There are 2 protein chains.
Amino acid sequence: MGIAERREREKEALRTGIVEAARDIVSEKGLDALSMRSIAERIEYSPATIYLYFKDKEELLGEVIKAGFERMGGYVHEELAMAGSEADPAQQHRALGRAYARFALENTAYFRVMFELPNVPHVGRMEDCRSVDSGPAAKQLLAETIQRAMDAGLYELEDAATGALIAWGLVHGLTSLYISGHCAMMLPSQEAFMEVVETAMDSLGNGWVPRETAKPPAP
Amino acid sequence: MGIAERREREKEALRTGIVEAARDIVSEKGLDALSMRSIAERIEYSPATIYLYFKDKEELLGEVIKAGFERMGGYVHEELAMAGSEADPAQQHRALGRAYARFALENTAYFRVMFELPNVPHVGRMEDCRSVDSGPAAKQLLAETIQRAMDAGLYELEDAATGALIAWGLVHGLTSLYISGHCAMMLPSQEAFMEVVETAMDSLGNGWVPRETAKPPAP
DNA sequence: CAATTTTCTGAACACCGTTTAGCATACGGC
DNA sequence: GCCGTATGCTAAACGGTGTTCAGAAAATTG
């Protein structure tokens, strides 16, 4: 009775096909070019068909965002590898920031969809929504990294989760400002931007380094 | 010949009326509710009339944004006053951050229009555009404050402008993440958010504090 | 092959930003 | 006061959007 299963598979294939089409349009033409009609044209179905697979555009975008977090995961992997396996937690923390910034630079439209969209978790349900669902992998990795840095005595702060949030906010903010062109006059190139990100992470990390590194006083 | 002047005044009044209507709609109903038609309805004119006073929606939004920066200026003024006149530059820096965050909390839709809109400075002309035009007051104030902190020996960094950008990015990022609901599970209340902002500014400020505060060694 | 279920779509709806042709009104010169 | 003109304004339309729904088309079943 493989016939029902084949139907199931085809259905699933079309569903993911829709998501991929949306992802590609966002990547290639930008968010503004992403309409139900443009997706429909690309997959060669009627716009109405999409609504048989997704409740509305919001839900479809949710899937695109999920895919975005997976793509970002690749960047994280790369930067961690680049940092080397002998990197200490603080260096890994920098690697995560670099990954985030680089992902944003190379996937601007994607980044916008993921973080700057009206979003509106439709106050109430906020579990199955946005980064809560797919992003936590990255968020948790960041928190764990900072926790390890604390354990290693590299960072001194009260709460790893708060520290992770701050670190995230720092890089996210710089990235968001850069991408939106709010500091274009100050950052003429992507290199300049990446450098500022490094400086920023240095500043923050420096602020977390214990003041007196256990210098036992000789009486 | 007061007649031409009266006409001029009426024209100007309608123009600012349009901007105020747009501002109010954004404040009251959110950005999504802001359409040329909704503005027209509020000012009791035809939608087409708006185009006699503004080139397009983008230009109109520019004026709204300008008004937004002025409103933010009020917050800055308040927080600086709250900090007191004897506050040192580092404390003033914190006050600026508080103002930014509080403004965002109390004018969410406004904040979004100002910083998270597609923006697109239409690469090329970027003078008369966005924060470059109206925001620089705030940006420059931040840069000056940090420069003063450097001069006072409170902060130790290479470039005040870069420092200002980093400080801005930090608060902006946290704010943007909070407003977009990306860290809702971690920040249940506005108070919790404001506290994280304080902690974040402390961390960054701490990272900028000179390591050894000129402790002349006695030989 | 006929009946039924499943999958899909054409057409419509209400909205959007924007343009244009034309309608009133208020003005300046006679 | 009247007339031509310049000004301010708008109704209607255009092409776009997300979304819905009756019904066509196709695939599966008996």
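The structure displayed is predicted, hence computed values, not measured ones. Basis for what follows: all heavy atoms, side chains included, without hydrogens, waters or symmetry-related copies.
Among D/dC9, D/dC21, C/dC16, the nucleotide with an atom closest to any side-chain atom of A/Ala48 is D/dC21. The side chain of B/Tyr53 approaches D/dC9 more closely than any other nucleotide in the set C/dC16, D/dC9, D/dT28. Checking C/dG17, D/dT19, D/dC9 against every side-chain atom of B/Leu14, the shortest atom distance belongs to D/dC9. Checking D/dC9, C/dT9, D/dT19 against the side-chain heavy atoms of B/Leu52 singles out D/dC9 as nearest. In the set D/dG18, D/dT10, C/dT6, the nucleotide with an atom closest to the side chain of B/Ser46 is D/dT10.
Per the geometry, CD belonging to A/Glu10 stands 15 Å off P belonging to D/dA26, to the nearest Å. Distance, A/Met36 CE to C/dA14 P: 20 Å, rounded to whole Å. Taking atom CG of residue A/Leu61 and atom P of nucleotide D/dT19, one finds them 10 Å apart after rounding to whole Å. As a whole-Å value, the separation of B/Glu59 CD from C/dG17 P is 15 Å.
Under the 4.0 Å criterion applied to side-chain N and carboxylate O atoms, B/Glu198 and B/Arg98 are assigned as salt-bridge partners. For A/Arg42 and A/Glu28, the salt-bridge test passes: some basic side-chain N is under 4.0 Å from an acidic carboxylate O. With respect to A/Arg6 and A/Glu10, a salt bridge is recorded, a charged nitrogen being found less than 4.0 Å from a carboxylate O.
At the heavy-atom level, B/Ile39 lies nowhere under 4.0 Å from the strands shown. Heavy atoms of A/Leu34 sit under 4.0 angstrom from primed sugar atoms or phosphate atoms, though from no base atom.
Mapping B/Ser38 and A/Tyr45 onto DNA chain C via the closest heavy atom, the residue that lands nearer the 5' end is A/Tyr45.
A donor-acceptor contact shorter than 3.5 Å links the side chain of A/Asp56 to the backbone of A/Glu59.
Between A/Arg6 and D/dT28, a side-chain N or O to OP1/OP2 separation shorter than 4.0 Å is present. The phosphate of D/dT10 has OP1 or OP2 within less than 4.0 Å of a side-chain N or O from B/Thr49.
Taking the centre of each ring, B/Tyr45 and B/Tyr53 stay at or above the 6.0 Å mark.
Side-chain N/O atoms of A/Arg37 and base N/O atoms of D/dG16 include no donor-acceptor pair closer than 3.5 Å.
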